[in-house]
Amino acid sequence: MFKTKNGFIQTVTGQIDPQQMGITLSHEHCLIDNTAVFTESDNDYIKQLAKEPITVENAGFFRYHLLNNKSNLLLDDEKLAIYELSKFKARGGQTIADASIDDLGRDPTVLKNISLKTGLNIIMGSGYYVETPKLLQKLKDASAEMIADEIINDICKGVGTTEVHAGFIGEIGCSWPLTKLERTVLKGAAIAQKKTGAGLQVHPGRNPRAPFEILSILEQSGADIEKTAICHIERTIDSDETLLELASTGCYLEYDLIGFEGYYPEDFALVNLPNDAARIDQFKKLIDNGFAAKILASYDICYKCRYSTYGGHGYAHLLDNFVPSMRKRGIEEGNIEKILISNPSRFFTMSC
């Protein structure tokens, strides 16, 4: 890896200068296989619908029954991904961070192809998601050091034989409460971050105290909290007091469900979600308290029903709707630039 005065960003097509990042979606899934979390409903009507592919006609239903249709949980159409992501590019977007790691169907070669065909910079993640029986079997004898070595290899040498390099760590998946394996993976991620200087993204369990436990484990394992992002803030933190407490740790606060409004259904214990206006209010709260440099923004599109093809908001929503609303609600251009460009550029910059 080369070094520049300002460090570098590792994309799937090679290293770029941080100034080439431009407008960035900090947490996406160009492709993902999340069918491991498919949940069969007890409702006969939903059982029947679950057998159908996602269409414009049923996508609205499955926005409120996210886990009850395997088709909704599988984004594996490269051509469709290119079509959807190109809308972000057409509106001025330049970079996508893809958080689909090994156990979420990561395909480095396809990601490189998507990058070349869309003209988008794509930064690929490395690590492991939440514990499943399959993952537990795969990593049953793994130590934190072994996991760290695998992540370091993905970043420094490339994934497998592809020679396509990961550019950040994550999204590392955590449940609530944490499992033993998830603690081991967190420790491995911390070791790898210390070695590579890569940004680290963590998917917290669905409890307001989960991020604090995660950060404590990471810090004790040598991680740089200033280069760590807690994902899904808007479905995790339930009060301004807790939000500011978390911000004061120095971590990045990743609002990556923009456009997803209402609530997570019963499968997710009815976790409430703010609408976009409320997200912007939280941005203002953070900005007013001196944390503008720690906000990241994205969609975390991992369900078909959120694609524009199926009537969802799609990848252009941030620039078409969210940013104009930020301006109307009083967020200054300098802070918008931080959230969309300079914050992600700093987070994803490596200097190893």
Side-chain angles (χ1 to χ4, degrees), residues 9-14 16-32 54-56 59-60 63 75-100 107-125 164 167-168 254-261 276 279-280 283 295-329 331 333-345 347-348:
I9 307 292
Q10 179 67 60
T11 78
V12 294
T13 58
I16 63 172
D17 188 276
Q19 294 184 2
Q20 295 175 264
M21 282 275 282
I23 296 172
T24 299
L25 295 177
S26 297
H27 185 111
E28 294 303 329
H29 300 276
C30 300
L31 299 172
I32 187 171
I54 295 297
T55 64
V56 171
R63 287 189 190 100
L75 305 181
D76 63 347
D77 187 326
E78 181 181 341
K79 289 183 179 179
L80 182 56
I82 290 169
Y83 171 76
E84 290 283 337
L85 289 162
S86 292
K87 295 187 176 185
F88 175 61
K89 174 67 173 178
R91 295 294 288 117
Q94 290 175 258
T95 301
I96 298 276
D98 187 283
S100 289
D107 191 322
T109 303
V110 173
L111 281 181
K112 183 175 181 179
N113 193 46
I114 291 173
S115 176
L116 292 171
K117 289 189 175 181
T118 60
L120 289 165
N121 303 314
I122 295 181
I123 310 170
M124 180 175 63
V164 179
F168 72 103
E254 190 171 85
Y255 285 80
D256 50 30
L257 296 171
I258 290 171
F260 193 6
E261 302 181 340
D276 281 351
R279 287 183 176 96
I280 293 170
F283 283 13
I295 305 170
L296 299 173
S298 206
Y299 310 118
D300 191 21
I301 292 179
C302 54
Y303 308 106
K304 280 192 178 79
C305 64
R306 296 181 70 193
Y307 271 175
S308 64
T309 298
Y310 301 106
H313 56 76
Y315 292 99
H317 171 68
L318 183 80
L319 297 173
D320 283 346
N321 305 308
F322 193 80
V323 170
S325 185
M326 290 171 73
R327 294 188 178 110
K328 290 177 182 177
R329 292 172 182 273
I331 295 184
E333 290 298 323
N335 286 321
I336 292 174
E337 187 276 340
K338 285 180 181 179
I339 293 166
L340 300 186
I341 300 175
S342 60
N343 292 354
S345 177
F347 175 79
F348 288 106

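Counting from 1, the numbers follow the sequence of the chain as shown.
Between the side chain of Ser115 and the backbone N or O of Leu111 there is no donor-acceptor pair closer than 3.5 Å. Between the side chain of Asp77 and the backbone N or O of Leu80, at least one donor-acceptor pair lies under 3.5 Å. In terms of modelled atom types and a separation under 3.5 Å, the side chain of Thr24 and the main chain of Gly22 share a donor-acceptor contact. Between the side chain of Arg306 and the main chain of Gly314, no donor-acceptor pair closer than 3.5 Å is present.
Residues meeting the ring-ring contact (aromatic ring centres under 6.0 Å, His included) test with His317, sequence neighbours left out: His313. Considering only residues two or more places apart in sequence or on other chains, Tyr307 meets the ring-ring contact (aromatic ring centres under 6.0 Å, His included) condition with none of them.
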Chi angles and distances behind the side-chain contact (heavy atoms from CB on, under 4.5 Å) call for Gln20, Gln94 | CA-CA 8 Å; Gln20 295 175 264; Gln94 290 175 258; over 6 Å; no

side-chain hydrogen bond (donor to acceptor under 3.5 Å, both in side chains) between Glu84 and Thr309, intermediate numbers included = CA-CA 8 Å; Glu84 290 283 337; Thr309 298; 2.5 Å; yes

side-chain contact (heavy atoms from CB on, under 4.5 Å) between Lys338 and Ile295, worked out = CA-CA 8 Å; Lys338 285 180 181 179; Ile295 305 170; over 6 Å; no

Candidate pair His27 and Leu296, rule side-chain contact (heavy atoms from CB on, under 4.5 Å), full reasoning = CA-CA 9 Å; His27 185 111; Leu296 299 173; over 6 Å; no

Evaluate the criterion side-chain hydrogen bond (donor to acceptor under 3.5 Å, both in side chains) for residue pair Thr13 and Thr11; output intermediate values, then yes/no.
-> CA-CA 5 Å; Thr13 58; Thr11 78; 3.2 Å; yes

Under the side-chain hydrogen bond (donor to acceptor under 3.5 Å, both in side chains) rule, what do Asp256 and Ser298 come out as? Steps first, then yes or no, please.
-> CA-CA 4 Å; Asp256 50 30; Ser298 206; over 6 Å; no

Kindly indicate, with the supporting measurements, whether the criterion side-chain contact (heavy atoms from CB on, under 4.5 Å) is fulfilled by Ile96 and Ile123.
-> CA-CA 6 Å; Ile96 298 276; Ile123 310 170; over 6 Å; no

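Side-chain atoms of His29 and Asp300 include a donor-acceptor pair closer than 3.5 Å. No side-chain donor from either of Ser345 and Gln19 sits under 3.5 Å from a side-chain acceptor of the other. Glu78 and Asn113 share a donor-acceptor pair across their side chains, judged by distance under 3.5 Å alone. Judged purely by distance below 3.5 Å, without hydrogens or angles, the side chains of Glu254 and Ser26 never pair a donor atom with an acceptor atom.
Phe283 has its ring centre less than 6.0 Å from the ring centre of Tyr255.
A distance of 13.0 Å separates CG in Asp320 from OG in Ser325, rounded to the nearest 0.5 Å.
By the 4.5 Å heavy-atom criterion applied to side chains, Ile23 and Arg91 are not counted as neighbours.
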